[in-house]
K.L.:
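Before we start, here is the structure in question, set down as structure tokens.
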Amino acid sequence: MAGPAPLIDALGYLWLRPWWFALIPLALVLGIWLTRRSGSLGAWERVVDPELMAAMRRMGRVVPGGRSRAVLPACVLAVLGLALAGPSAERRDTASFRNLDGVVLVLDLSPSVTGDARFFDVLTAARLVAEAAGTRQIALIVFAGEAYVAAPFSTDARALSGTLALMDARTMPVAGSRPEAGLVLARRMLESADMLAADVVLISDGAATGPQAIAEAQRLGAAGWTVSTIATKPERGAMDALARAGGGSIASVDDPFPVARAIGARSVERLAATDYAMLVLEDRGRFLLLLALIPAFLMLPRGRQT
């Protein structure tokens, strides 16, 4: 993964693309070379007879180049180097927002799931749901005998995929299977984050899904959040019942796309301003480009002298 672009703090600005400073020494070399050539006539002095050249000088027919005009191309190149280097200043008046639509993955890591040969398919289904969340905030809860927050709300689905890759049979410290604990923790996370709309996706074999889990799914549904299920076993009666109680979609690890499509179809419509200050850099190099027009204009040919 590529890292952030390097920033250099100099002359009171943050420079976004400092590698363009390399044009400035090139401009200096160009200016020296053009200045040295400006006082001579170049190849004309080698092909014109010296006596004829001297006579033409006395008659005022030979006008040597101006040194001041010779450095104009170098000035343009130097100013372009500064402009492309991206001098920028911080803006503190930029508002920041967060989504009030979220997705909570509740992943079963009980021995009956992690010990199954299809556990890789379980993690693949979880990654599919994370990608389908798009720009919505997504969190990850894992459970076995107890439930824990493995990843808080974030819009970085790629980072969540990295967290999922670390899950195995040794992740949970307490054995067992309590899906209701995962759903309770999901509800508390949504309440504390003030989520107005959310999808809770339970991925489990459904072996320990009982009345407590069904009741918790109904509480989530009554709060305006949906509970969808992805079953890891062919026997998915309990998982389907839980999804119906939560008003969500139903799928299996063999075909998790119904749940993923349902989540992806929901657009982000609820935003709220946050108290976090955003660091926004305003590139002011465009103003230097206007400054480069001055020497460029002076380079334009003038009218013929008589």
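For this chain, numbers begin at 1 and follow the sequence in order.
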K.L.:
Considering all heavy atoms of both residues, which atom of Ala186 and which atom of Val106 are nearest to each other, and what is their separation?
P.N.:
CB-CG2, 4.1 Å
K.L.:
Answer whether the closest heavy-atom distance between the side chains of Val200 and Leu183 falls below 4.5 Å.
P.N.:
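Yes. Closest side-chain heavy atoms under 4.5 Å.
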K.L.:
Can you give me the closest heavy-atom contact between Val79 and Ala292, atom names plus distance?
P.N.:
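Minimum heavy-atom contact is CG1-CB, 3.6 Å.
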K.L.:
Excluding sequence neighbours, so at least two apart, what forms salt bridge (Lys or Arg N to Asp or Glu O under 4.0 Å) with Glu146?
P.N.:
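Glu146: salt bridge (Lys or Arg N to Asp or Glu O under 4.0 Å) contacts with Arg178.
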K.L.:
Run the side-chain contact (heavy atoms from CB on, under 4.5 Å) test on Asp108 and Ile203 for me, step by step, so that the C-alpha distance in whole Å, both residues' side-chain angles and the decisive distance to 0.1 Å come before the verdict.
P.N.:
CA-CA 6 Å; Asp108 188 350; Ile203 304 179; 6.0 Å; no
K.L.:
CG/Asp205 to CZ/Arg236 distance, rounded to the nearest 0.5 angstrom?
P.N.:
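Interatomic distance, Asp205 CG to Arg236 CZ, rounded to 0.5 Å: 13.5 Å.
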K.L.:
Return the CG to CG distance between Leu196 and Leu190, rounded to the nearest 0.5 Å.
P.N.:
10.5 Å
K.L.:
Any chance you could measure Ile263, atom CD1, to Ser228, atom OG, to the nearest 0.5 Å?
P.N.:
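Here the interatomic distance stands at 6.0 Å.
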K.L.:
Are there over 12 heavy-atom neighbours, none belonging to Gln218, within less than 6.0 Å of that residue's CD?
P.N.:
yes
K.L.:
Would you call Arg219 and Glu216 a salt bridge, taking side-chain N to carboxylate O under 4.0 Å as the test?
P.N.:
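Looking at Arg219 and Glu216, the cut-off is met.
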K.L.:
Can you name the residues that form a salt bridge (Lys or Arg N to Asp or Glu O under 4.0 Å) with Arg127, not counting sequence neighbours?
P.N.:
none
K.L.:
Considering only distance and modelled atom types, tabulate donor-acceptor pairs under 3.5 Å from the side chains of residues 80-87, sequence neighbours left out.
P.N.:
none

K.L.:
Run Tyr148 and Val174 through side-chain contact (heavy atoms from CB on, under 4.5 Å) and show every step you take.
P.N.:
CA-CA 11 Å; Tyr148 302 91; Val174 181; 4.1 Å; yes
K.L.:
Verify, without hydrogens or angle tests, whether Trp225 (side chain) and Met195 (backbone) share a donor-acceptor contact under 3.5 angstrom.
P.N.:
yes
K.L.:
Applying side-chain contact (heavy atoms from CB on, under 4.5 Å), run through Val201 and Val259 and close with a yes or a no.
P.N.:
CA-CA 8 Å; Val201 180; Val259 170; 4.1 Å; yes
K.L.:
Kindly say whether Asp156 contributes a backbone atom to a donor-acceptor pair with the side chain of Ser154 at under 3.5 angstrom?
P.N.:
yes
K.L.:
Hey, is the main chain of Phe119 close enough, under 3.5 Å, to the side chain of Asp116 for a donor-acceptor pair?
P.N.:
no
K.L.:
Please walk me through it: do Ser110 and Phe143 pass side-chain contact (heavy atoms from CB on, under 4.5 Å)?
P.N.:
CA-CA 7 Å; Ser110 61; Phe143 73 90; 5.8 Å; no
K.L.:
Quick one: do Leu242 and Val184 end up in the same hydrophobic cluster if we chain Ile, Leu, Val, Met, Phe, Trp and Tyr together by side-chain heavy atoms under 4.5 Å apart?
P.N.:
no
K.L.:
Looking only at non-hydrogen atoms, find the nearest pair between Gly248 and Thr226 and report the distance.
P.N.:
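Shortest heavy-atom contact: CA-CB, 4.3 Å.
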K.L.:
Checking side-chain contact (heavy atoms from CB on, under 4.5 Å) against Leu105, which of Leu160, Ile141, Val142 comes through?
P.N.:
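Going through Leu160, Ile141, Val142 one by one, the side-chain contact (heavy atoms from CB on, under 4.5 Å) with Leu105 is satisfied by Leu160 alone.
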K.L.:
Can you measure from CD1 (Ile24) to CG (Leu77) and round to the nearest 0.5 angstrom?
P.N.:
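Separation between the atoms: 9.0 Å.
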K.L.:
Report the distance from atom CG of Leu291 to atom CZ of Arg286, rounding to the nearest 0.5 Å.
P.N.:
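Leu291 atom CG to Arg286 atom CZ measures 14.5 Å (nearest 0.5 Å).
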K.L.:
Between Ala78 and Ala27, what is the shortest heavy-atom contact and its length?
P.N.:
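Scanning both residues, the minimum pair turns out to be N-CB, 3.7 Å.
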K.L.:
Is any side-chain heavy atom of Val103 less than 4.5 Å from a side-chain heavy atom of Phe153?
P.N.:
no
K.L.:
For residues 244-261, pull every pair meeting side chain to side chain donor-acceptor pair (under 3.5 Å), keeping only residues two or more places apart or in separate chains.
P.N.:
Arg118-Asp254
K.L.:
Is there a donor-acceptor pair under 3.5 Å between the side chain of Thr171 and the backbone N or O of Met167?
P.N.:
no
K.L.:
Can you hop from Val253 to Phe257 via hydrophobic side chains spaced under 4.5 Å?
P.N.:
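Per the 4.5 Å side-chain linkage, Val253 and Phe257 are not co-clustered.
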K.L.:
Kindly write out the residues that satisfy salt bridge (Lys or Arg N to Asp or Glu O under 4.0 Å) with Asp168, not counting sequence neighbours, or none if the list is empty.
P.N.:
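Asp168 satisfies salt bridge (Lys or Arg N to Asp or Glu O under 4.0 Å) with Arg170 only.
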K.L.:
Does one hydrophobic cluster hold both Trp20 and Leu26, with members joined at side-chain heavy-atom distances below 4.5 Å?
P.N.:
yes
K.L.:
Starting from Leu107, can I reach Ile250 by hopping between I/L/V/M/F/W/Y residues whose side chains sit under 4.5 Å apart?
P.N.:
no
K.L.:
Is there side-chain contact between Leu140 and Leu164, with at least one heavy-atom pair below 4.5 Å?
P.N.:
yes
K.L.:
Kindly give the heavy-atom pair with the smallest separation between Ala213 and Pro179, and that separation in Å.
P.N.:
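Minimum heavy-atom contact is CB-CG, 4.3 Å.
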K.L.:
Ignoring hydrogens, what is the shortest heavy-atom contact between Leu128 and Pro256? Give both atom names and the distance.
P.N.:
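Result for this residue pair: CD2-CG, 3.6 Å.
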K.L.:
Going by salt bridge (Lys or Arg N to Asp or Glu O under 4.0 Å), name the residues that satisfy it together with Asp199, two or more places apart in sequence or in a different chain.
P.N.:
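So Asp199 forms a salt bridge (Lys or Arg N to Asp or Glu O under 4.0 Å) with Arg136, Arg266.
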